[in-house]
Amino acid sequence: MSDEHQEKHSTLQDIIALRKEKVHQLREMGVNPYPYSFEVTHKSQEIIDNYESLENQEVSVAGRMMSIRIMGKASFVHIMDGKGKIQIYLSQQDIGEKAYAIFKMLDIGDFIGIKGRVMKTRTGEVTIKGESMTLLCKNIRPIPIVKEKDGVLHDAFRDKELRYRKRYLDLIVNPDVHEIFIKRAAILRWTREFFDAREYLEVETPILQPVYGGANARPFVTFYNALDTNFYLRIADELYLKRLLVGGFEKVYEISKNFRNEGIDRLHNPEFTAIEFYEVYVDYEYMMDLVEEYIQTIAEKSGKMTLTYEGHMIDFSVPFQRKAMFDLFEEFLGTDIREYEIPDLQALYKKLGRKVDSAWNYGQLINELFKECVESHLIQPTFVIDYPKAISPLAKIKRDGNERLVERFELYIAGNEYANAFTELNDPLDQRERLENQAKLRELGDLEAQVVDEDFLQAMETGMPPTGGVGIGLDRLIMLMTEQSSIKDVILFPAMRPETP
RNA sequence: GGGUGUGUAGCUCAGGCGGUAGAGCAGCGGCCUUUUAAGCCGUUGGUCGAAGGUUCGAAUCCUUCCACACUCACCA
């Protein structure tokens with residue numbers, strides 16, 4: 001900058017205006033603020049890790065400037081690349097007067113490329129002694145400045161709303177956030193490896209569905225102009241995966257984004273990622289073994305065979321417990337409610353001093369009771385098995401002849417549900433009856449009851465072999481493995497109310 | 001939807017017995033060739049979430065609204 005008058009403002013808008021002016025000035029000086037490419041030979045972390053062999057070698061690095069310390073004719077900056085940070089030393093003597101003048105026009109947040117030689121400063125920090133500097137991207141909108149000393153962050157960027165709304169800033173400034181999403185990607189990769197290795201076929205089924213099904217939830221509705229009809233964003237992919245088994249595939253899985261038009265909280269995001277997998281000729285016992293193996297594989301690869309989650313020590317290394325739902329009721333209620341009907345359950349609610357909605361059906365009463373009285377006790381990985389038929393319209397009746405129960409399990413860890421699975425119902429007559437019962441519940445006001453999918457029923461009539469099937473909430477599994485207590489912290493762009501200025 | 005809390009400069013936060021705002025960092029102008037929360041001197045910057053109300057006077061008190069966080073409910 002020349003003999004310009006002193007700028008007197010520093011609101012955000014002023015800073016942006018000033019930086020736009022710098023872009024203009026740089027262009028006039030023959031510097032392209034937005035060039036096309038830059039040759040990188042090393043990542044920051046590689047240089048730090050391999051200092052001995054790289055000392056005094058020429059390297060070329062690129063990254064975003066995260067701090068600048070100008071001391072007259074020499075300066076230190078830290079740049080951050082995808083693998084970490086490294087310090088750069090730049091002096092007017094080494095890079096020349098013009099380049100140094102350009103450097104002094106730059107700001108924290110700019111991307112630069114550096115060619116130079118690896119050295120250590122007198123305090124021992126691995127540093128690149130720059131021999132040339134290239135501006136790679138001029139920042140216009142300033143980033144939060146976070147400083148750190150002895151591992152303690154100062155002025156950390158912690159405002160959760162801003163972090164979620166402006167995730168790119170969160171990622172720039174909070175390196176541990178990077179780690180979570182790298183771990184997320186790894187877990188998804190290990191998941192695919194696990195099923196691919198077992199000859200499961202990865203498939204993709206419709207996200208826009210003319211009839212939604214496969215779970216109890218309210219959907220998002222959208223209007224399809226060309227077909228002049230409503231479509232639904234899927235709440236689950238179950239009914240489509242089963243059609244594929246009818247079609248002759250024997251093992252399929254899909255990692256599916258599902259959408260449920262419900263509340264947002266620590267454990268729920270309206271769009272979330274689940275895996276469902278189905279294998280023919282096996283039952284829920286087999287699937288329990290497979291799920292256990294899967295969870296243990298992910299835990300092992302994550303280096304978390306034991307971990308602390310929500311204050312609980314969780315141990316994945318021992319065999320998971322398997323407990324029947326009504327045994328658990330007996331254990332935690334002290335009452336055998338196997339034969340209870342609606343009035344008995346209502347009486348029990350009263351006795352327990354719990355609020356009860358007189359409109360609740362059997363399934364709702366059982367679900368509530370389980371959530372209230374049992375769930376929070378299930379800390380170590382536990383398969384809850386043998387659910388009432390009334391709350392499991394897609395599961396097969398117990399083979400022992402007990403018509404009230406189905407072959408179903410859910411996996412609980414740290415009081416939360418992680419998996420839901422059945423010996424899949426493949427009797428087309430029974431399936432039709434159960435979905436029709438669900439439809440009746442809908443008419444009675446249960447907005448989450450399932451709807452009848454006629455094409456699905458026709459597929460069942462065509463014949464689906466005996467099958468075991470499982471759904472697992474992957475976001476929650478990722479939360480567990482990264483020890484995060486909010487689903488928002490494992491979803492890059494969690495759902496937020498749109499900003500209204 | 002209920003409860004609790006938060007919302008003040010770009011970021012992190014003070015202030016809050018009512019007298020229309022402060023700090024650090026960032027920014028801007030200087031000095032500075034091994035610094036690292038660099039330092040030193042100087043300096044700009046705010047419709048105190050929004051709208052009403054009480055008052056001579058509101059960031060501060062009251063009401064409503066908005067957003068977010070935590071939590072309960074809902075959601076297997």
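Note on naming: letters A, B, ... go to the chains in the order of the sequence lines (proteins, then strands), and numbering restarts at 1 for each one.
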Trainee: Would you indicate which nucleotide in rC32(B), rC28(B), rC75(B) comes nearest to any side-chain atom of H268(A)?
Mentor: rC75(B)
Trainee: Whether the side chain of D159(A) engages the backbone of L162(A) through a donor-acceptor N/O pair (distance < 3.5 Å, no angle test) should be reported.
Mentor: yes
Trainee: With rounding to whole Å, what would you report as the distance between rC17(B) and rA51(B) at their C1' atoms?
Mentor: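 Taking atom C1' in both rC17(B) and rA51(B), they lie 27 Å apart.
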Trainee: Report the base-pairing partner of rC25(B) (Watson-Crick or G-U wobble, both distances below 3.5 angstrom), or none.
Mentor: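 Pairing partner, where one exists within any strand: rG10(B).
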Trainee: Could you check which of rC28(B), rU35(B), rC70(B) has an atom nearest any side-chain atom of K160(A)?
Mentor: rC70(B)
Trainee: Just checking E372(A): base, sugar-phosphate only, or nothing, at a heavy-atom cut-off of under 4.0 Å?
Mentor: sugar-phosphate
Trainee: Roughly how far apart, to the nearest Å, are rA73(B) and rU64(B) at atom P?
Mentor: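 These two P atoms come out 26 Å apart once rounded.
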Trainee: Looking at rU33(B), rU12(B), rU35(B), which one has an atom nearest to any side-chain atom of T121(A)?
Mentor: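 Looking only at heavy atoms from C-beta outward on T121(A), the closest nucleotide is rU35(B).
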Trainee: With a non-hydrogen cut-off below 4.0 angstrom, is L153(A) in contact with a base, only sugar-phosphate, or nothing?
Mentor: nothing
Trainee: Please determine, for the side chain of K22(A), which listed nucleotide (rC28(B), rU33(B), rU35(B)) has the closest atom?
Mentor: rC28(B)
Trainee: Of all residues at least two apart in sequence or in a different chain, which pass the side chain to side chain contact (heavy atoms under 4.5 Å, CB included) check with P388(A)?
Mentor: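 P388(A) satisfies side chain to side chain contact (heavy atoms under 4.5 Å, CB included) with M325(A), F326(A), Y362(A), I366(A), I391(A) once adjacent residues are dropped.
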Trainee: Does R218(A) reach a base, just sugar-phosphate, or nothing at all? Heavy atoms under 4.0 Å.
Mentor: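 R218(A): no heavy atom of the nucleic acid under 4.0 Å.
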Trainee: Which base, if any, makes a Watson-Crick or G-U wobble pair with rU60(B), both distances under 3.5 Å?
Mentor: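 Checking every strand shown, rU60(B) finds no partner, since no pair has both distances under 3.5 Å.
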Trainee: Applying the side chain to side chain contact (heavy atoms under 4.5 Å, CB included) criterion to I140(A), which one of V23(A), D110(A), I15(A), D107(A) satisfies it?
Mentor: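 Among the candidates, only V23(A) passes.
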Trainee: For atom NZ of K398(A), is the number of surrounding heavy atoms from other residues, nucleotides or ligands below 6.0 Å larger than 12?
Mentor: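 More than 12 within 6.0 Å, yes.
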Trainee: Sort out the partner of rU35(B) for me: Watson-Crick or G-U wobble, both distances under 3.5 Å, none otherwise.
Mentor: none
Trainee: Could you check how far CD1 of I172(A) sits from P of rG10(B), rounded to whole Å?
Mentor: 18 Å
Trainee: Once you round it to whole Å, what is the distance between P of rU12(B) and CG of N174(A)?
Mentor: 10 Å
Trainee: Under 4.0 Å between a side-chain N or O of R497(A) and OP1 or OP2 of rC68(B)?
Mentor: yes
Trainee: Measure the distance from CE on M496(A) to P on rC68(B) and round it to the nearest whole Å.
Mentor: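 Going from M496(A) (CE) to rC68(B) (P), I get 6 Å.
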Trainee: Please measure how far the C1' atom in rA21(B) lies from the corresponding atom in rC13(B), and state the result in whole Å.
Mentor: 14 Å
Trainee: Would you kindly give the CG-to-P distance between L12(A) and rU47(B), to the nearest whole Å?
Mentor: 12 Å
Trainee: Counting only Watson-Crick pairs (N1-N3 plus N6-O4 or O6-N4) and G-U wobbles (N1-O2, O6-N3), all under 3.5 Å, who is the partner of rC74(B)?
Mentor: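 The answer is none; no pair meets the criterion.
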Trainee: With the threshold set at under 4.0 Å for non-hydrogen atoms, list the residues of residues 377-385 of chain A touching RNA chain B in residue-number order.
Mentor: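 Those residues whose heavy atoms fall under 4.0 Å from RNA chain B, taken from residues 377-385 of chain A, amount to none.
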Trainee: Base, sugar-phosphate alone, or nothing: which one does D265(A) contact when heavy atoms must sit under 4.0 Å apart?
Mentor: base
Trainee: Test the K396(A)-F422(A) pair against the cation-pi criterion, namely NZ or CZ under 6.0 angstrom from the six-membered ring centroid and within 45° of the ring axis.
Mentor: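 Negative - K396(A) is either too far from the ring of F422(A) or too far off its axis.
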Trainee: Name all pairs fulfilling the ring pair (Phe, Tyr, Trp, His ring centres under 6.0 Å) condition that reach into residues 68-94 of chain A, sequence neighbours left out, sorted by first residue then second.
Mentor: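 Of all non-adjacent pairs touching residues 68-94 of chain A, those that pass ring pair (Phe, Tyr, Trp, His ring centres under 6.0 Å) are F76(A)-Y89(A).
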Trainee: Looking at rU33(B), does its base get a donor-acceptor pair with the side chain of Y89(A) below 3.5 Å?
Mentor: yes
Trainee: Salt bridge check: are D386(A) and R408(A) linked by an N-O gap of less than 4.0 Å?
Mentor: no
Trainee: Tell me whether the side-chain N or O atoms of Q87(A) pair up with the base of rU35(B) as donor and acceptor below 3.5 Å, since no angle test is needed here.
Mentor: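 Indeed, a donor on one side and an acceptor on the other fall under 3.5 Å apart.
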Trainee: Which one, rU35(B), rG27(B), rG46(B), comes nearest to the side chain of T11(A)?
Mentor: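 Of the options given, the side chain of T11(A) lies nearest rG46(B).
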Trainee: Can you tell me how far P in rU8(B) sits from the matching atom in rU60(B), rounded to whole Å?
Mentor: 14 Å
Trainee: Using the P atom as the reference point in each nucleotide, state the distance between rC66(B) and rG30(B) in Å, no decimals.
Mentor: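 Their P atoms lie roughly 49 Å apart.
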Trainee: With heavy atoms under 4.0 Å as the rule, sort K85(A) into base, sugar-phosphate or nothing.
Mentor: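 The answer is nothing, as K85(A) stays clear of every strand by at least 4.0 Å.
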Trainee: For residues 378-397 of chain A, pull every pair meeting ring pair (Phe, Tyr, Trp, His ring centres under 6.0 Å), keeping only residues two or more places apart or in separate chains.
Mentor: F320(A)-F383(A), F383(A)-F409(A)
Trainee: Verify the contact: side-chain N or O of R158(A) to OP1 or OP2 of rU12(B), cut-off strictly under 4.0 Å; return yes or no.
Mentor: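 The answer is no; no side-chain N or O of R158(A) sits under 4.0 Å from OP1 or OP2.
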Trainee: So what's rU54(B) paired with, Watson-Crick or G-U wobble, going by both distances under 3.5 Å?
Mentor: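 Because no pair has both required distances under 3.5 Å, rU54(B) counts as unpaired.
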Trainee: Please list, in numerical order, the residues of residues 135-149 of chain A that have a heavy atom closer than 4.0 Å to any atom of RNA chain B.
Mentor: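 Within residues 135-149 of chain A, the residues near RNA chain B are I145(A), K147(A), E148(A), K149(A).
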Trainee: Look at R322(A) together with E285(A) and state whether they make a salt bridge at an N to O cut-off of under 4.0 Å.
Mentor: yes
Trainee: Among rC28(B), rU33(B), rA73(B), which nucleotide has an atom closest to any side-chain atom of Q93(A)?
Mentor: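 Nearest to the side-chain atoms of Q93(A), counting from C-beta on, is rU33(B).
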Trainee: For the base of rU35(B), is there a side-chain donor-acceptor partner from R69(A) under 3.5 Å away?
Mentor: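 Answer is yes: a donor-acceptor pair is held.
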Trainee: Side-chain N or O of K488(A) less than 4.0 angstrom from OP1 or OP2 on rA69(B)?
Mentor: yes
Trainee: Salt bridge or not between E262(A) and R218(A)? Use side-chain N to carboxylate O under 4.0 Å.
Mentor: no
Trainee: Can you check whether any acceptor in the base of rG7(B) is under 3.5 Å from a donor in the side chain of D159(A), or vice versa?
Mentor: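 Per atom types, no contact qualifies.
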Trainee: Do F277(A) and Y253(A) make the cut of ring centroids closer than 6.0 angstrom?
Mentor: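 Aromatic pair excluded; centres sit 6.0 Å or further apart.
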Trainee: Does Y164(A) reach a base, just sugar-phosphate, or nothing at all? Heavy atoms under 4.0 Å.
Mentor: sugar-phosphate
Trainee: Holding to side chain to side chain donor-acceptor pair (under 3.5 Å), I want the full list of residues that pass it with R234(A), two or more places apart in sequence or in another chain.
Mentor: T205(A), E254(A), S256(A)
Trainee: Does rC68(B) have a Watson-Crick or wobble mate here (both distances under 3.5 Å), and if so which one?
Mentor: rG5(B)
Trainee: By the 4.0 Å heavy-atom rule, please label A215(A) as base, sugar-phosphate, or nothing.
Mentor: nothing
Trainee: Ignoring backbone atoms, test whether K73(A) places a side-chain nitrogen or oxygen under 4.0 Å from the OP1 or OP2 oxygen of rU35(B).
Mentor: no
Trainee: Round to the nearest Å and state the distance from L162(A) atom CG to rU6(B) atom P.
Mentor: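 Rounded to the whole Å, the gap is 18 Å.
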Trainee: Is any NZ, NE, NH1 or NH2 atom of the basic residue among K440(A) and E436(A) found under 4.0 Å from an Asp or Glu carboxylate oxygen of the other?
Mentor: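 No, K440(A) and E436(A) are not salt-bridged.
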Trainee: With respect to the side chain of S486(A), which nucleotide from rC70(B), rC28(B), rU33(B) is positioned closest?
Mentor: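 Shortest atom-to-atom distance from the side chain points to rC70(B).
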Trainee: If each of R266(A) and K371(A) is mapped to the nucleotide of RNA chain B with the nearest heavy atom, which maps nearer the 5' terminus, i.e. the 5' end?
Mentor: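 Closer to the 5' end of RNA chain B: R266(A).
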Trainee: In whole angstrom, what separates K129(A)'s NZ from rU33(B)'s P?
Mentor: 15 Å
Trainee: Heavy atoms only, 4.0 Å cut-off, all strands: where does R163(A) land among base, sugar-phosphate and nothing?
Mentor: nothing
Trainee: Nearest whole angstrom, please: distance from the C1' of rC28(B) to the CD1 of I70(A).
Mentor: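 Value for this atom pair: 13 Å.
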